[in-house]
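In what follows, chains carry the letters A, B, and so on, assigned in the order in which the sequence lines appear, proteins first and then strands, with residues in each chain numbered from 1. Fair warning: this is a prediction, and the values are worked out from it, not measured in the lab.
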Amino acid sequence: MKRYILYSILLVFVCGIRSSFAQTREHRDHWYIPDFVVAQYAGSIGFVSAGVGYDIFSKKGSLDFLLGVVPGFTGSTALETFTFKFNAMPIRIRVNPDVAIHPLNTGVYFCYTFGKEYSSDLPGWYPDGYYWWSEAVRVNLFIGGDVRFVTHAFRKPKKFTAYYEIGTNEIKLVSYIQNKHALNIWNILHAGVGVRYMFKHQ
Amino acid sequence: MNYPKISGRYIFRKVYRLCILMIAGACSVFEYHPYETMLDDSEKNLNSRAIKTIQENVSDPDTLTIIAIGDSQRFYDELKDFVKSANQQKADFVILNGDISDFGLKDEYQWVDEIMQTLNKPYIGVIGNHDLSGNGEKIYTKMYGPLNTSFIVNGFKFILLNTNSREYAFSSSVPDLNWLNAELNTHDFHRAIVVSHVPPYDSDFNPDLEVSYANTLSQSGRVAMSLHAHRHTFEYGQPYQDGTDYLVATSMNERMYLVIRLYGHQYTFTKIFY
């Protein structure tokens, strides 16, 4: 039941954004209207995730808010997440009027997993400090890159960003740091790819 | 200005194709979640497959030699060295007595199994408290099998018991002493070795069940030893002075393991440092 509520919220979330961008002409100055919608595959926050985001620091960075799901058909137990991502894009290479590349992005994202079985705080029957990590929250660091482009495939020119990220989380990182012989860096890395549709800036 | 001629549509098509390729490739780097639980068939039912191999290959009909270790959690370098050392030992199988993983991640279970598969003998995985973190119980069950289980080799019955009471808020069913009692009352074995991660005198064992556990073992009259890990240090003795020996294997960072030889009503053990 909880799962369906979450899926419904996700749907309303995306539909709400669609209708809000339909009105962007009148409301384009409102700060709370996101700059883009985003969809991502993998990246340790879900099989697919979707959400909204904002350009910050004169488009040298972005903030993303994502809801992610791992559905049962993947063979895994179903999981639902909320992710807050900060992405810095310091280097911008303009290829032509329609295409720009950010070759080296970096950032951090916090992924919260829904469900009382994934505790944020240790339940009362554990002594203080029994386990030092949270089950519910993962802290991820990543590097990546993206390409921003205007496509004329639609009736009006539309602006997209396609990105990839490769990173790890704090508990996999500590495992690697202590075991550099038995583990190699690829053991702890996870990757994600995604698309941002920048509907505000036509 | 002279820009290279790359159209948006061209990149759109390239990126689209790349995405499809990556998703279809299902490369393991595309993790969905640290607590994801999907496994290949080759990674499933490791214990029942190991038991089959043990029963088919046991050489000496009178003695059985086992290697006992525990707490491989986040000690992968040390575990690799253990395998190198254990491969020099003549033994029928290895018991990894809980805390296989540290955070209950599928990745960790796989890292440990990958190292343990380089052993030249089978190994049995037992559930530990850390293995129950996150979706660890689901992964353990898929990968190794039931949390409580038993098997018989050469008349010796190995009873694997989940004693991680604290992970179940000290529920009265962990450890399941009714099940244990039934296992100890079958007539198909000669001596029993009760294998579990948390020893009964540890604060993570349900204190209401401590005495019942000890009594269940001593009253059976056929228990060779109660074998544990969890305490990250070697312990040996009869804490209840009831004739039952309790033996605790170290964690892997102690760089020590136990070689236990079982024969008739007796056993000997050796500490091996590596």
A:Asn169 side chain reached by B:Phe103 side chain, heavy atoms, under 4.5 Å
no

CD1/A:Ile143: more than 12 non-hydrogen atoms of other groups inside 6.0 Å:
no

Establish, from distance only, whether the side-chain atoms of A:Thr113 and B:His33 form a donor-acceptor pair under 3.5 Å.
yes

In Å and rounded to the nearest 0.5 Å, what is the OG1 to CD distance from A:Thr77 to B:Glu137?
11.0 Å

Taking A:Asn179 for its side chain and B:Arg74 for its backbone only, find out whether a donor-acceptor pair lies under 3.5 Å.
yes

Would the number of heavy atoms belonging to other residues, nucleotides or ligands and lying under 6.0 Å from CZ of A:Phe57 be above 12?
no

At under 4.5 Å between heavy atoms, what parts of residues 118-128 of chain A are in contact with chain B? List them by residue number.
A:Tyr118, A:Trp125, A:Tyr126, A:Pro127

What part of B:Leu105 is in contact with chain A, defined as an atom under 4.5 angstrom from a non-hydrogen atom: side chain, backbone, both or neither?
side chain

Measure distances from B:Asp204 to the heavy atoms of chain A and classify the residue's part below 4.5 Å as side chain, backbone, both or neither.
side chain

I need the A:Leu79 CG to B:Thr37 OG1 distance, nearest 0.5 Å.
7.5 Å

With respect to chain B, which residue among A:Phe160, A:Trp132, A:Trp186 yields the maximal number of heavy-atom pairs within a distance under 4.5 Å?
A:Trp132

Has A:Ser76 got a side-chain atom pairing as donor or acceptor with B:Glu36's backbone, closer than 3.5 angstrom?
no

How about NZ on B:Lys44, more than 12 heavy atoms from neighbouring residues, nucleotides or ligands closer than 6.0 Å, or not?
yes

SG/A:Cys111 to OH/B:Tyr35 distance, rounded to the nearest 0.5 angstrom?
10.5 Å

Is it the case that the ring center of A:Tyr41 lies less than 6.0 angstrom away from the ring center of B:Tyr32?
yes

Do B:Asp107 and A:Lys172 meet the salt-bridge criterion of a basic N to acidic O distance under 4.0 Å?
yes

CG on B:Asp81 to NE2 on A:His181, rounded to 0.5 Å
8.5 Å

Can you tell me which portion of B:Lys106 sits under 4.5 Å from chain A's heavy atoms? Options are side chain, backbone, both or neither.
neither

Hey, what do you get for CD1 (A:Ile171) to OG (B:Ser101), rounding to the nearest 0.5 Å?
10.0 Å

Can you say whether B:Glu167 sits under 4.5 Å from chain A via the side chain, the backbone, both, or neither, judging by heavy atoms?
both

So, A:Asn187 and B:Tyr76: side-chain donor and acceptor under 3.5 Å apart, yes or no?
no

If we ignore hydrogens and angles and just use 3.5 Å, is the side chain of B:Glu31 paired with the main-chain N or O of A:Ser44 as donor and acceptor?
no

With chain A, which of B:Gln73, B:Lys138, B:Lys142 has the greatest number of heavy-atom pairs at distances under 4.5 Å?
B:Lys138

Ignoring hydrogens, what is the shortest heavy-atom contact between A:Thr74 and B:Met38? Give both atom names and the distance.
O-CB, 3.6 Å

Chain B contacts, top residue of A:Ile166, A:Ile45, A:Leu183, A:Leu189 (heavy-atom pairs, under 4.5 Å)
A:Leu183

Shortest non-hydrogen contact from B:Phe30 toward A:Ala191:
CD2-O, 3.3 Å

State, yes or no, whether a side-chain contact exists between B:Phe75 and A:Gln178 at a heavy-atom distance under 4.5 Å.
no

Should A:Tyr131 and B:Asn129 be marked as a side chain to side chain contact (heavy atoms under 4.5 Å, CB included) after you check the CA-CA gap, both sets of side-chain angles, and the distance that decides it?
CA-CA 11 Å; A:Tyr131 294 130; B:Asn129 56 309; 3.2 Å; yes

